[in-house]
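Everything below concerns the one structure shown next.
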There are 2 protein chains.
Amino acid sequence: MQERQGGVIESRAVRMNKTAMRKRANLRDVAAEAGVSVATVSRVMNSPATVAPATRERVEGAMRRLQWVPSAAARAINSGRTRFVGALVPTLDSDIFARVLANLEQGLTAQRLSLVVATTDDDPDIELAKARALLDIGAEGLIVSGMTRSPDFDELVARARLPVIAISCHDPDYRMPTIGYDNHGAALAALSHLTGLGHRRIAVLHGPLRNDRTQRRVLALQGQGDADLTFHETTLSTAGGCQAVRGVLSGRRPSAILCLSDVIAAGAMAEVQRHGLRIPDDMSVMGLDDLPGSAHLYPALSTIHLPVSRMGRAVADALAGWVERDEKPDPQLLDHELVVRASTGPCR
Amino acid sequence: MQERQGGVIESRAVRMNKTAMRKRANLRDVAAEAGVSVATVSRVMNSPATVAPATRERVEGAMRRLQWVPSAAARAINSGRTRFVGALVPTLDSDIFARVLANLEQGLTAQRLSLVVATTDDDPDIELAKARALLDIGAEGLIVSGMTRSPDFDELVARARLPVIAISCHDPDYRMPTIGYDNHGAALAALSHLTGLGHRRIAVLHGPLRNDRTQRRVLALQGQGDADLTFHETTLSTAGGCQAVRGVLSGRRPSAILCLSDVIAAGAMAEVQRHGLRIPDDMSVMGLDDLPGSAHLYPALSTIHLPVSRMGRAVADALAGWVERDEKPDPQLLDHELVVRASTGPCR
DNA sequence: TTGAAAGCGCTAACAA
DNA sequence: TTGTTAGCGCTTTCAA
């Protein structure tokens, strides 16, 4: 079959001068075209200094003529590296994950790693399926959101001995390193800002409870007996905030609305104002996230700042270190911070 | 070296029963463990029906015991497929791209393709570098934004014979298929909504001109002599909108503000209201994009709806068809649409 | 139903 | 400075 192989190369080279080649050239084709061995071609790629200039030029000419592009798969099979990791996030359609991913991608790029994204819609089964798909295509590490996993997920990553980091949450005892903030504490901080202003009757608006970060925030508040809280679940969107506020205002009116996500708060504020109420005079509105836009709403939204950009960079470094140098990172807690702006005021 | 090979397998298998294996198991290890040939193991993976149940079970047991995970690279080298494509977008930190990518990812998933994302910050050189990186790791196709390319980009994709689609724009004569909307027409539609309401003195707020989509929108308006337009470049953010409005209101006051992106409009509306002006009575504000949140701002933003979700799905189908079945897609123009809400009113 | 063996495109050890 | 060649882990004929 050496014969056959030779024949194929020959016919390719011949055809090439007339019309488009039907197949991508490989190292052997380039070597044949340049009249050198495959090793020399490989050297031109990987250690050009060890190749005589004249030879190198001949090889480079051949590469150009054959429009040769190295095969990533072949390189990967030798190096054992694919140089990309996967991120499993609930949705891409959210300012908060966009910001995490933006920073993550930048941090990974600095380490010459690429980022594959996959969305889970907060469904552990989808997460599992997409994790499988990511492993199938060769992801060297994974980022997951929160701490709700499918049972099979753990077996999967254990088998593959895969670096995995959970983000947007914090729990040093979780079976994989977490890098994130304290959702429980952040929710409490938001509430105590309102109670500190004298608010007692407070409507709490939050997204779907199947998201465990949302769940933690809600649970944190449910433990607080000193305030009169009513909880309203809605979709994680401005539309959800609007809708929930319509419900809130149709009943016994609270003096403040605590939104456990800024997107919801944005919708809530708009709807409150559409009802002719002034913020914060007639109604205080508090958020939680601190999206880039929240400072520039009208009125500017008081909220809890979550360090998502910092988180993105931290995760990039942590995962890169794990993947590249086998350094398993420690769990990392990033502080949240109260940001008082114009949407909250004293109860009256 | 057959000896050596055998010896290594042996020692691995032996060690495995005592302590963790130092290396990931491969097909040969599994075959040896199960007492079958590598071909049989491969069949268990790819066409289980052709393997005797008893044999299959033995093999599956061996896979489990050795915690075997197939190598993506080895599979890729045989199939010539990596099953992922790359998207090059200016930024992830924007509602608009988040929404495109969300739909893109969903569409690709349906075709069993994964999505690698890379950000370019609207810089052709960064785009080129990241395109190289994506090819290096084996992307089978690329999505780029707009029509500004580095000269070397074309050579790169030509050499790799790589399917590439340009999005967020429309030009049937562009050297690669475009799937997107008519930025020129959308800007004109926004303007004519305002002029139709009687507005003549209009401040136009827009993002950085190095983005060619923004540039098209601006150029479209600059050709319009019948209105008195002043242009204000700012950052593509709510903060940018706020800041630009401060400049606008310090000069001769227009009766309307036309923002060529909704994010800018959101900031602009907030700042206008902070100056004590009512929208639309004292000032009309018009957007362009129609972000999910724009309908739920206060007041609800009049804007031009760009079909970004539809675009995401269309691109997914087009690129999948190209990559999987070599069907090069035709350019595709998606219609924009005027959405009149509460932020615009008659000039007075 | 199974196995032997030839590749896939590249890297790297070793020889010349 | 260059070439020969044995792998990397898998798929896929072809034979048995």
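We name chains A, B, ... by the order of the sequence lines, and we start the count at 1 in each one. As the structure is a computational prediction, the values presented were derived from the model and not from experiment.
- B/L66 has its CG atom 12 Å from the P atom of D/dC10, to the nearest Å.
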At a cut-off of 3.5 Å, list every protein nitrogen or oxygen paired with a nitrogen or oxygen from nucleotides 1-3 of chain C, distance to 0.1 Å.
residue : atom : partner : partner atom : Å
C/dT2   : OP1  : B/T55   : OG1          : 2.1
C/dT2   : OP2  : B/A52   : N            : 2.9
C/dG3   : OP2  : B/S37   : N            : 2.9
C/dG3   : OP2  : B/S37   : OG           : 3.3
C/dG3   : OP2  : B/T40   : OG1          : 2.6
C/dG3   : N7   : B/R43   : NH1          : 3.3
C/dG3   : N7   : B/R43   : NH2          : 3.1
C/dG3   : O6   : B/R43   : NH2          : 2.4

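- Annotation: ring-ring contact (aromatic ring centres under 6.0 Å, His included) contacts of B/F97 (sequence neighbours excluded): none.
- For the pair A/I77 CD1 and D/dA6 C1', the computed distance is 14 Å after rounding to whole Å.
- The side chain to side chain contact (heavy atoms under 4.5 Å, CB included) with B/S42 is formed by just one residue from the set B/N46, B/V44, B/T40; it is B/N46.
- For DNA chain C, none of the residues of residues 132-142 of chain A falls under the heavy-atom distance limit of 4.0 Å.
- No side-chain heavy atom of A/C169 sits less than 4.5 Å from a side-chain heavy atom of A/Y174.
- If you run side chain to side chain contact (heavy atoms under 4.5 Å, CB included) between B/R43 and each of B/V36, B/T50, B/V38, B/V59, only B/T50 comes through.
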Pairs under 3.5 angstrom only: tabulate donor-acceptor contacts from the side chains of residues 100-109 of chain B to other protein residues two or more places apart or in another chain.
residue : atom : partner : partner atom : Å
B/N103  : OD1  : B/R313  : NH1          : 2.9
B/N103  : ND2  : B/R99   : O            : 2.9
B/N103  : ND2  : B/S309  : OG           : 3.4
B/E105  : OE1  : A/T119  : OG1          : 2.6
B/E105  : OE1  : A/K130  : NZ           : 3.4
B/E105  : OE2  : A/T119  : N            : 3.1
B/E105  : OE2  : A/K130  : NZ           : 2.8
B/E105  : OE2  : B/T109  : OG1          : 3.4
B/T109  : OG1  : A/K130  : NZ           : 3.3
B/T109  : OG1  : B/E105  : O            : 2.8

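- The distance from atom CD of A/E57 to atom C1' of D/dT2 is 17 Å, rounded to the nearest whole Å.
- Rounded to an integer number of Å, the gap from A/N78 CG to C/dG9 P is 13 Å.
- Rounding to whole angstrom units, CZ of residue A/R28 and C1' of C/dT11 are separated by 14 Å.
- Heavy-atom neighbours of B/R112 CZ from other residues, nucleotides or ligands within 6.0 Å: at or below the threshold of 12.
- One finds no side-chain N or O of B/S42 lying less than 4.0 angstrom from the OP1 or OP2 phosphate oxygen of D/dC10.
- Residues meeting the side-chain hydrogen bond (donor to acceptor under 3.5 Å, both in side chains) test with B/R132, sequence neighbours left out: none.
- The phosphate of C/dA12 (OP1 or OP2) has no side-chain N or O of A/N46 nearer than 4.0 angstrom.
- Residue pairs that meet the salt bridge (charged side-chain N to carboxylate O under 4.0 Å, His left out) test with at least one member in residues 135-144 of chain A, sequence neighbours left out, are A/R81-A/E140, A/D136-B/R75.
- The shortest distance between the side-chain N/O atoms of B/N26 and the OP1/OP2 oxygens of D/dG9 is below 4.0 Å.
- In this structure, the CG atom of B/L27 is 6 Å from the P atom of D/dT11, given to the nearest Å.
- The CE atom of A/M45 sits 15 Å away from the P atom of C/dG9 (whole-angstrom rounding).
- Within the 4.5 Å cutoff, no side-chain heavy atoms of A/V116 are placed close to those of A/V85.
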